[in-house]
Amino acid sequence: MRLKSRKYIVVLGSLMSGLGKGILTSSIAKLLQSKGLKISPMKFDGYLNVDCGTMNPYRHGEVFVLDDGTECDMDFGTYERFLNIDLAGKNSITGGKLFKSIIEKERKGGFLGRDVQIVPHLTDEIKAWVKKVGEEQDSDVVIVEVGGTVGDLENGYFLEAMRQFAAEEKVLFMQLTFVPSLSEGELKTKPTQHANKLIQSMGIHPQIIVCRQDEPLTREAREKISMFCNVPVANVFDDPLIETIYELPMILDRQKMTGLLLSELGVEEKDEDLKEWRALVEKIKNPKKEITVAITGKYTAVKDAYVSIKEALVHGGAYNGAKVRIKWVETSEIDDGKATAKELLSGCDGIIVPGGYGSRGTEGKIACIKYARENRLPFLGLCYGLQMAVVEWARHKTGMEGANSTEINPDTKFPVIDYLPEQRGVKDKGANQRLGAWECRLKKGTNAYGAYGKENISERHRHRYEVNNDFIGKLEESGLVVSGKSPDGNIVELIEWPDGWGVGTQAHPELKSRLERPAPLFVAFVKACIEGKK
Ligand code: GLN
């Protein structure tokens, strides 16, 4: 640790969800990181699920996977993309994890003779957890984002724990709020005042207030918030609508957030700044080229379901100096006979078939992959995308008519994709897929090797099925390239087409893509799209 004592920041959301608390948390973390401090971002989620593994991305957004296999909230993706660090499952506290651990402790006799209470037992557990993460990760500043909104029943006990914590440690509270405007752009601060009163009634005094609004935050609005919420005017910040989320650290820095954070935390000002980050954001904002990429997906109605892929395209695009437009393609339209692959992919320079589960829209995905292969449209298959590419190849290049994944058709004559052996007989649904970081060896001379530039790689996974080893001989004989395998040679990790740029990976490389370190396969895919367009 570089500081004499560890500091804590707690970010609270007020009034409503969807204000971008994760992006704010990541941005202030970035500002402090840019000053050479080591940051541990943490998130509390009040739901009673132990993790996000069983949640539907259509309702809750993407399930993000960490190296250690934890399936967590998509905000962890934002933290990692901003901070370029690998987080651990411990950084995620859920109501489910907390109650599970306290009940397990009680059953083992950990509280013998006592009634187990929210205060102090659960709150002690929370404080100890937050402290332990800081210690284990040797961080200077632990930043805790509290999921949900102040006033929710679900996060009440967590806020109580943080109130107590502030008496023991140096804790800075930050309130994110919304300042609506009515006619003629008049900003209304009253909702913020009431929300602030609610927070203060819990014994918590936010020292910094960050305001989201559609109009620029006026001097008058700042002064009102300052007066009614007990903070200096300089502690009220404008969090405006921006072109790219990666710009928020600079926007806050321009308002002197970095200096304020350091002085509130009692840390000396340092020289380092956001120079490199700024240059990358400039690249995003001033692209020299533009491409359009089709993404086929079942959850196309909710774009949050694919946030890591969208961001990996921003990173890969910035690296190539290109803006990547996305055309969402609902492949069930092909299954239902409403459209053809050619129609859906018209105007696209490449196609991504992302991860997924179940059979809806799969015939359409296979049709899109066939179209891409035959028309030399760059293709990137992610997990399910690799599996569908293998099915497509088997059906059309090896004569295995009706080949399929047993996830879709358990009775297929050619089960080219089948259960991973260890997945047979698994009944529970929580945290039991092949999860987290797994190593892979790439074959030299392949497109995959060209993208990574090395033989040994590691990417994050989340799947139950794999390429069936019984069919590898036939697939390879007909020209499909197996470009990566697990170190023991048992699991096909990457495949590619012999011609053009078509790569499928069993992993989710999008989960490890960061602005400062874009995912190699996305960089290479975007490059192939740009070259194909010429
Ligand atoms: N449904 C497939 C499997 O379980 C793919 C999963 C995914 O794309 N993440 O293997």
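Every number for a ligand or one of its atoms is a count from 1 in the order of the listing.
- One option in G381, S405, G355, G356 has a heavy atom closer to atom 5 (C) of ligand 1 than any other, and that option is G356.
- Residue, atom and distance of the protein heavy atom nearest to atom 7 (C) of ligand 1 are C383 SG, 3.0 Å.
- For R462, every heavy-atom contact with ligand 1 shorter than 4.0 Å involves the backbone, none the side chain.
- With a heavy-atom cut-off of 4.0 Å, E407 touches ligand 1 through its side chain alone.
- Taking the six-membered ring where tryptophan is involved, the planes of H461 and H463 are tilted, since the angle between them lies from 30° to 60°.
- Between the side chain of D68 and the backbone N or O of T70, at least one donor-acceptor pair lies under 3.5 Å.
- By the salt bridge (charged side-chain N to carboxylate O under 4.0 Å, His left out) test, K397 pairs with no residue at all, sequence neighbours left out.
- Remark: among candidates R464, H508, Q433, Q387, the nearest residue to atom 4 (O) of ligand 1 is R464, based on non-hydrogen atoms.
- For the pair H463 and ligand 1, the shortest N or O to N or O distance does not fall below 3.5 Å.
- In this structure, F82 and W277 have tilted ring planes: the angle between them lies in the 30° to 60° band.
- Below 30°, between 30° and 60°, or above 60°: for F158 and F44 the angle between ring planes is below 30°, a parallel geometry.
- Atom 10 (O) of ligand 1 has as its closest protein heavy atom Y465 N, 2.9 Å.
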Report the C-alpha distance between I93 and L98 in whole Å, list the side-chain angles of each, state the deciding distance to 0.1 Å, and finish with yes or no for side chain to side chain contact (heavy atoms under 4.5 Å, CB included). CA-CA 7 Å; I93 308 182; L98 273 173; 3.7 Å; yes
